[in-house]
Novice: 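Have a look at the structure that comes next, please.
Remember, it's 1-based here, ligands and their atoms both numbered in the order they're listed.
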Amino acid sequence: MRIAVIGTGYVGLVVGACFAETGNEVICVDRDAAKIKGLNRGKIPIYEPGLEELVRRNHAEKRLTFTTTLPEAVKKSEVIFIAVGTPMGEDGSADLQHVLAAAREVARSMNGYKVVVDKSTVPAGTSELVRAAMKSQTSQPFSVVSNPEFLKQGAAVEDFLKPDRVVIGATDTRAADIMTELYRPFTRTGAPIMVMDCVSAELCKYAANAMLATRISFMNEIANVCERFGGDVDKVRQAIASDKRIGAAFLFPGVGYGGSCFPKDVQAIVKSARDKKYKFQILEAVESVNESQKKVLLAKLDRHFGKKLKGKTLAVWGLAFKPRTDDMREAPAVPIIEGMLARGAQVRAFDPEARDVARSIFKNRIHYARSAYDALKGADALVIVTEWNEFREPDFAKMKRLLKQPLIFDGRNIFDPVQIRTQGFTYTSIGRP
Ligand code: NAD
């Protein structure tokens with residue numbers, strides 16, 4: 001099939017590359033001319049495991065092309081994915097301006113029947129808004145489909161190639177059949193393609209993210225309660241995870257969830273429910289627990305240093321909102337480092353992939369270490385914010401030599417408390433004695 005993908009970000013580029021990989025001809029469109037120029041020269045604008053190879057191969061074989069010219073891409077394509085950003089508006093709602101602008105531009109460029117697929121995460125009822133926005137611009141026939149994306153950054157290619165399920169919201173069988181055909185190569189192992197109405201499809205994405213965010217906030221509260229009673233959240237986690245009704249995923253306490261999805265999607269569903277006069281009480285609590293959790297590490301630092309962080313040097317391991325990505329949107333590292341700086345501390349930070357992104361946020365207010373060990377040089381303590389695998393088995397003797405004192409605040413519980421104390425460290429983690 002011939003496909004256009006509008007928006008070449010974390011989702012659009014993966015979607016485009018993966019559809020090209022199954023033999024489709026894909027044109028990726030973005031209004032960011034520098035991004036498109038870079039892609040045409042083989043430069044991948046984001047870090048995502050496996051993506052570079054996929055993009056290079058399909059680009060070389062001419063199944064994957066990049067352009068800033070939306071009309072041309074639309075004219076050449078039968079299926080058009082809209083994968084632009086839906087950032088959080090000031091009142092917490094999803095800002096649909098990019099989706100609707102793209103839909104109008106698609107409509108103006110159409111030269112026959114098109115399936116227009118909303119891939120962006122949007123509130124219930126958006127497909128109707130897209131349909132109306134397009135109708136106002138064209139008399140050509142089209143179908144609007146809602147096809148939420150469930151990939152996770154850090155494993156996006158793998159998730160897209162082997163989805164747990166594909167959700168398709170459609171109002172007519174013609175569009176539903178085209179979408180089912182398009183996804184067939186990815187569901188050969190039996191993952192279901194679920195066809196439903198557009199509103200339900202739109203809600204699937206919010207329900208999934210809201211459920212996962214709820215598990216994280218729930219476990220953060222269990223960790224906070226463990227701390228007050230001297231319990232060990234790891235033991236509690238393992239015990240409840242072995243209950244088949246609960247399962248093991250998303251039960252790790254930490255410094256709060258971040259990223260471009262959970263914070264904005266939780267707030268968007270709360271806001272859209274409120275617009276329908278419904279108070280989404282659980283999610284309001286999930287969000288407020290998360291805000292408090294981002295302050296937990298700073299409170300631990302304050303307690304240890306008696307609020308005297310001025311003049312101290314803190315090493316920070318991990319800046320991205322999670323491992324295996326360079327994305328720092330809503331990353332807990334941002335308020336944590338800002339809190340350190342506000343207290344007068346100096347920060348030496350290291351992240352394997354997010355250094356350039358961090359530079360655009362903190363400029364020259366922090367030191368960007370070249371390696372995890374470089375960050376420790378002369379630091380009064382190490383603070384672990386993101387659980388990159390490479391931090392899990394460090395050379396503890398070397399760490400002790402580099403740090404001014406063997407002191408660790410671990411926001412991700414990556415070390416065993418007993419072992420690390422045997423190594424001579426003073427160690428504080430989340431929800432463990
Ligand atoms: P992103 O910011 O990385 O990418 C969006 C891209 O769209 C940018 O490159 C931007 O320049 C481009 N763009 C915006 N308006 C445009 C227009 N009118 N024409 C052409 N290009 C335009 O965003 P993302 O992380 O890829 O997210 C996109 C959507 O997918 C969001 O709704 C998000 O909630 C959803 N989503 C994201 C993830 C994720 O893990 N990032 C997962 C599932 C769903």
Novice: Is Lys205 paired with Glu202 through a side-chain N to carboxylate O contact shorter than 4.0 Å?
Specialist: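 Salt bridge: no.
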Novice: Is the Lys NZ or Arg CZ of Arg174 less than 6.0 Å from the centre of Tyr113's six-membered ring, within 45° of the axis?
Specialist: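 So Arg174 does make the cation-pi contact.
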Novice: In terms of side-chain geometry, is the basic nitrogen of Glu52 or Arg56 positioned less than 4.0 Å from the acidic oxygen of its partner?
Specialist: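 Looking at Arg56 together with Glu52, the answer is yes, because their closest N to O distance falls below 4.0 Å.
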Novice: Go ahead and list the nitrogen or oxygen contacts between ligand 1 and the protein that come in under 3.5 Å, distances to 0.1 Å, or just say none.
Specialist:
unit_1	atom_1	unit_2	atom_2	d
ligand 1	2 (O)	Arg329	NH1	3.4
ligand 1	3 (O)	Tyr10	N	3.2
ligand 1	9 (O)	Asp30	OD1	3.4
ligand 1	9 (O)	Asp30	OD2	2.6
ligand 1	9 (O)	Lys35	NZ	2.6
ligand 1	11 (O)	Asp30	OD1	2.6
ligand 1	21 (N)	Arg31	N	3.3
ligand 1	25 (O)	Arg329	NH2	3.0
ligand 1	26 (O)	Tyr10	N	3.1
ligand 1	26 (O)	Val11	N	2.8
ligand 1	32 (O)	Thr86	OG1	2.5
ligand 1	32 (O)	Thr121	N	2.9
ligand 1	34 (O)	Thr121	OG1	3.4
ligand 1	34 (O)	Lys264	NZ	2.6
ligand 1	40 (O)	Gln153	OE1	3.1
ligand 1	41 (N)	Gln153	OE1	2.8

Novice: What residues form a ring pair (Phe, Tyr, Trp, His ring centres under 6.0 Å) with Phe409, not counting sequence neighbours?
Specialist: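 Per chain and number, Phe409 pairs via ring pair (Phe, Tyr, Trp, His ring centres under 6.0 Å) with His304.
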Novice: Specify whether His59 and Phe66 have parallel, tilted or perpendicular ring planes, treating 30° as the upper limit for parallel and 60° as the lower limit for perpendicular.
Specialist: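 Ring orientation, 0 to 90° scale: tilted.
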Novice: Any Lys/Arg nitrogen of Asp374 or Arg348 sitting under 4.0 Å from an Asp/Glu carboxylate oxygen of the other?
Specialist: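 Yes, charged N to carboxylate O under 4.0 Å.
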